[in-house]
Amino acid sequence: MNIILIYPKFPDTFWSFSYALRFVGKKSAFPPLGLITVAALLPEQFQIRLVDLNVDALGDDDLAWADVAFISAMAVQRKSAVHVIDRCKARGLKIVAGGPLFTAQPYDFGLVDHLVLDEAESTLPAFLTDLKNGCPQQVYRAREYPDIRCSPIPLWGLIDIRRYASLNIQYSRGCPFNCEFCNITTLFGRTPRTKTPQQVVAELDAIYQAGWRGNIFFVDDNFIGNKRSLKEHLLPTLIKWRKDKKGCVFFTEASINLADDPELMDMMAEAGFDSVFIGIETPDVNSLTECCKTHNKNRDLLQDVKKIHRSGLQVMGGFIVGFDSDPPSIFKRQIDFIQQSGIVTAMVGMLQAPPGTRLFERLARDHRVSDAFSGDNVDGRTNIIPVMGLDRLIDGYRAIMQQIYSPRQYYQRIRRILGELKTPVASTPVDWQCALAFWRAGLRLGVLGKERFQYWRLLIWTMARRPRLLPLAVTLAIYGYHYRRICELHIL
Ligand code: B12
């Protein structure tokens, strides 16, 4: 059987990094880890091809070759996914779909023949058995969370790694916390399930042996969900793994209580992590109570961020406005917090209710869900009716984005973080692509861009005070260009 795995196209979003990728000559930020994991679960006698529409075109010859199309997507890829489904159907292909979009809204896709939902480790074997016996069902759902110690090494050979800015690896699934706007605990449970350190090393070795020396994203819902296991098992293994390796800088997602554990931060830095995405959400304590983000309460969030920076980990932060409890001052407070924290990558969104979250259920009961979830939380839209009124929310939101991504404020944050950040242990080797990116940045940001004054000022400042962080300064300047373009496109 010939199977074609298809990953639909991402639109230009905050997280697509599309405008930044052009500086480094890459096509896409991350490869489709879900699909290459699914590929590894398929029987060896199947012939497999993968087309990621973010780096390649889907040719008619690909569709003519295939017997079955396997499609994976997030909500943000919906438009492209629908187009792919139509094309496959027109060629008479059977379609199997899975991944977050289909798991969250299975009944929106009437043309899909088989919905193999939830985690493929649980549901794919049953589908394959039924397929072999000639009786495949329409929907497969998991009864329990699978043990990911049985998850296979993704089939990296299916993709051309050189076309991606980062590769990805997953250590755990699940999160101990239960924020109202997030459905991770429903999807993956409250007890983080982890792979063994040996599994992680085998995955890293596969990536390293393929020649990869760039960044690697640990795509965990909350990397520090099981601190003990991390400190006793995974991090010592990663520290050892790194000893004879070059490059391969790690980044991940974690909760703010990382700041409470200096030993953990030090071990992460030593293992080669240089940044961490943290859901800070809001400096307003009532809004934190409302969304059940209790672990962000009763602490000095600003100092926490600084502690993490001082340990050598750059914080990227998620922020939300539009909670029922948000006071009128919230917009100004968010701007002040972001500026003072030195968080350069600040993902600020208006509160949205993705289907499957407790927030969605509460607001649907109150008839306050107004639209479909766009799948992109930084697109200047929301699908809820906010208590403060939509116009006020949109105005306040625009004011935040306009200010924090204006060249002056943005570069101010870069200088702030560079001033505080302990020099990370690991760094990616400087190659010709970095050199090219440096020259392109010089031209686009330093000559043509309206930020040119800020750009050269930053470079001189960094050379004088933190010369070793120059590559980071240029990288952040390039990100700023992307964020500004996205704001102009969707928000301002
Ligand atoms: C890493 C990550 C990101 C990364 C990278 C995403 C990428 N391009 O790969 C970044 C940071 C960019 C990102 C951004 C966003 N993300 Co995100 N992200 C994740 C995260 C934490 C891990 C995804 C991952 O790689 N998992 C590892 C692989 C192995 O799992 P997988 O892809 O799910 O595949 C498994 C199954 O789904 C299934 N499967 C997958 N595909 C297929 C196909 C077939 C045919 C079959 C049978 C099975 C199958 O089998 C696989 C093995 O079990 C998930 C949460 C999670 N744990 O899934 C959220 C998640 C995917 N993100 C989500 C969202 C909402 C977002 C954002 C809007 C921001 C936000 N609030 O987090 C943006 C949107 C992106 C954009 N605007 O461009 C939602 C998606 C909801 C939805 N219905 O689509 C998730 C599920 C989190 C959540 N709280 O609900 N994200």
Side-chain angles (χ1 to χ4, degrees), residues 3-18 28-42 52 54 68-78 81 95-106 112 114-128 140 142 145-146 148 150-152 154 164-175 179 181-189 192-193 203 217-223 251-253 277 279 281 316 318 320 345 347 349 352 354-357 373-379 486 490:
I3 311 241
I4 184 149
L5 307 173
I6 309 175
Y7 200 46
K9 197 159 171 50
F10 281 97
D12 287 339
T13 64
F14 187 88
W15 286 117
S16 71
F17 288 103
S18 40
S28 179
F30 309 103
L33 186 62
L35 271 184
I36 57 174
T37 306
V38 167
L41 289 162
L42 291 174
D52 175 357
N54 301 287
V68 182
F70 274 45
I71 303 173
S72 169
M74 290 166 66
V76 70
Q77 292 158 284
R78 175 188 276 266
I95 301 177
V96 179
L101 168 65
F102 303 100
T103 297
Q105 287 146 291
V112 170
H114 307 288
L115 289 157
V116 181
L117 306 176
D118 301 311
E119 296 169 64
E121 291 85 349
S122 286
T123 47
L124 193 62
F127 168 71
L128 292 171
Y140 290 82
Y145 301 120
I148 61 169
C150 306
S151 195
Y164 297 92
S166 289
L167 296 192
N168 32 14
I169 184 169
Q170 191 177 40
Y171 165 59
S172 70
R173 295 182 194 163
C175 176
C179 309
F181 51 79
C182 177
N183 56 354
I184 287 298
T185 47
T186 318
L187 289 171
F188 302 104
R193 286 164 290 137
E203 291 195 29
F217 183 6
F218 274 73
V219 293
D220 294 30
D221 304 307
N222 184 352
F223 185 69
F251 62 110
T252 191
E253 308 184 348
F277 179 89
E281 322 307 0
M316 300 175 274
I320 299 177
T345 295
M347 176 185 85
Q352 294 207 37
T357 57
F373 171 55
S374 70
D376 176 8
N377 59 350
V378 196
D379 61 359
I486 291 299
H490 297 304

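For ligands, and for the atoms within them, numbers begin at 1 and follow the listed sequence.
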For [atom], is some protein heavy-atom partner under 4.0 Å away?
| atom | answer |
| --- | --- |
| atom 15 (C) of ligand 1 | yes |
| atom 44 (C) of ligand 1 | yes |
| atom 12 (C) of ligand 1 | yes |
| atom 59 (C) of ligand 1 | no |
| atom 55 (C) of ligand 1 | yes |
| atom 18 (N) of ligand 1 | no |
| atom 37 (O) of ligand 1 | yes |

N/O separation below 3.5 Å, [X] to ligand 1:
| X | answer |
| --- | --- |
| Asn377 | yes |
| Ala120 | yes |
| Glu253 | no |
| Glu119 | no |

What is the nearest protein non-hydrogen atom to [atom], stated with its residue, atom name and distance?
| atom | value |
| --- | --- |
| atom 48 (C) of ligand 1 | Val38 CG2, 3.6 Å |
| atom 34 (O) of ligand 1 | Gly34 CA, 3.4 Å |
| atom 77 (N) of ligand 1 | Thr13 OG1, 3.2 Å |
| atom 33 (O) of ligand 1 | Pro100 CD, 4.2 Å |

Self-check item: Test side-chain contact (heavy atoms from CB on, under 4.5 Å) applied to Ala97 - qualifying residues, sequence neighbours left out
Solution: Phe102, Val112, Leu115
Exercise. Answer side chain, backbone, both or neither: which part of Thr103 comes under 4.0 Å from ligand 1, heavy atoms only.
Key: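 Neither; no heavy atom under 4.0 Å.
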Practice problem: Take every heavy atom of Phe217, measure it against each atom of ligand 1, and state whether any distance is under 4.0 Å. | Solution: yes
Quiz item: Is the closest heavy atom of Asp118 to ligand 1 under 4.0 Å?
Solution: yes
Quiz item: Under 30°, 30 to 60°, or over 60°: which ring-plane class applies to Phe127 and Tyr140, parallel, tilted or perpendicular?
Solution: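 Ring orientation, 0 to 90° scale: perpendicular.
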